[in-house]
Undergrad: 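I have a structure I would like to understand better, so I am pasting it below and will then ask my questions one at a time.
Predicted model, so just to flag it, every value in this text is computed and none were measured.
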Amino acid sequence: IVPSPAPEALASSASGSSLEAPPQTLPAKAWLIGAGVVGALSVAALTLAVFLVHRLAKEITGDPAAALLAALAWAVYPFALFYAGVGLTETLFVTLLLAAFLGLYRRQYALGSIALVAAILTRPSIELLAPVLVAIFALSVHRGGLAELRRAALMLAVIYLVGMMPWWMHNEIKYGQFVRLNLGSGL
């Protein structure tokens with residue numbers, strides 16, 4: 001609760017002098033501005049997720065109606081709307097996973113790997129699944145051989161090392177030791 005201005009401040013504003021916000025309201029205003037930015041970014045991520053669902057469904061099925069129905073289903077899915085509204089990481093995480101799936105489905109292993117590493121930085125619990133996803137797409141979805149698997153795995157490994165390096169350096173500076181993901185993951 002933000003306290004209201006003192007009566008003297010109100011009286012001075014009525015006499016023509018400017019009314020300044022009390023110092024205690026500044027953190028509240030900063031919080032509201034920050035929440036607005038996070039909310040706007042979360043809604044933008046949800047919008048991008050709807051587009052990615054549409055693209056992925058269209059490429060998998062080849063049916064524009066099915067793609068539109070899938071995108072509409074995600075656009076009105078209650079949990080997607082809830083998480084976008086509260087500004088949690090789930091919306092960004094799902095959007096990054098959809099981008100990874102689309103990249104891997106198109107055999108764009110660099111794009112898929114970049115999105116997977118960004119998803120790992122958002123929600124570290126996906127880290128152990130990332131190489132499995134790359135292997136599934138290379139071997140099962142695309143029916144590629146070991147050469148394609150090696151190429152896709154090498155791409156993921158290089159992007160993982162480059163993408164995670166700043167996080168590892170941050171953790172080394174902050175904690176004085178190597179922390180791969182976070183202190184609570186046990187990994």
Undergrad: Say whether, by atom type as modelled, one donor and one acceptor occur between the side chain of His142 and the main chain of Glu148 under 3.5 angstrom.
TA: no
Undergrad: Do the non-hydrogen side-chain atoms of Leu156 and Tyr109 ever get within less than 4.5 Å of each other?
TA: no
Undergrad: Tell me whether Leu88 is reachable from Leu121 by hopping between hydrophobic residues (I, L, V, M, F, W, Y) whose side-chain heavy atoms are closer than 4.5 Å.
TA: yes
Undergrad: Can you find a heavy atom in the side chain of His54 that is under 4.5 Å from one in the side chain of Glu59?
TA: no
Undergrad: Would a hydrophobic clustering, with Ile, Leu, Val, Met, Phe, Trp and Tyr connected at side-chain separations under 4.5 Å, put Met164 with Leu116?
TA: yes
Undergrad: Using modelled atom types only, decide if a donor and an acceptor are shared between the side chain of Arg180 and the backbone of Trp168 within a distance under 3.5 Å.
TA: no
Undergrad: Can you find a heavy atom in the side chain of Tyr83 that is under 4.5 Å from one in the side chain of Thr89?
TA: no
Undergrad: For Ala45, is there any backbone N or O sitting under 3.5 Å from a side-chain donor or acceptor partner on Thr95?
TA: yes
Undergrad: What distance do Leu41 atom CG and Leu48 atom CG have between them, rounded to the nearest 0.5 Å?
TA: 12.0 Å
Undergrad: Could you check whether any side-chain heavy atom of Leu98 comes within less than 4.5 Å of a side-chain heavy atom of Phe51, counting everything from C-beta outward?
TA: no
Undergrad: Membership question, hydrophobic clusters at under 4.5 Å side-chain separation (ILVMFWY): are Leu154 and Leu149 in the same one?
TA: no
Undergrad: Between Arg123 and Glu90, does any NZ, NE, NH1 or NH2 come within less than 4.0 Å of an OD or OE carboxylate oxygen?
TA: yes
Undergrad: Closer than 3.5 angstrom, by distance alone: can the side chain of Trp74 be matched with the main-chain N or O of Val50 as a donor-acceptor pair?
TA: no
Undergrad: Are Leu111 and Tyr160 connected in a single hydrophobic cluster, I mean Ile/Leu/Val/Met/Phe/Trp/Tyr linked by side-chain heavy atoms less than 4.5 Å apart?
TA: no
Undergrad: Kindly say whether Val179 contributes a backbone atom to a donor-acceptor pair with the side chain of Asn171 at under 3.5 angstrom?
TA: yes
Undergrad: Give a yes or no on whether Phe79 atom CZ has more than 12 heavy-atom contacts from other residues, nucleotides or ligands under 6.0 Å away.
TA: no
Undergrad: Assigning hydrophobic clusters by single linkage (Ile, Leu, Val, Met, Phe, Trp, Tyr; side-chain heavy-atom cutoff under 4.5 Å), is Ile120 placed with Val134?
TA: yes
Undergrad: Given 3.5 Å as the limit, does a donor-acceptor pair link the side chain of Trp167 with the main chain of Leu181, or not?
TA: yes
Undergrad: Side chains of Leu56 and Val53, heavy atoms from C-beta outward: is any pair under 4.5 Å?
TA: no
Undergrad: Quick one: CG on Leu81 to CG on Leu46, what's the gap to the nearest 0.5 Å?
TA: 6.0 Å
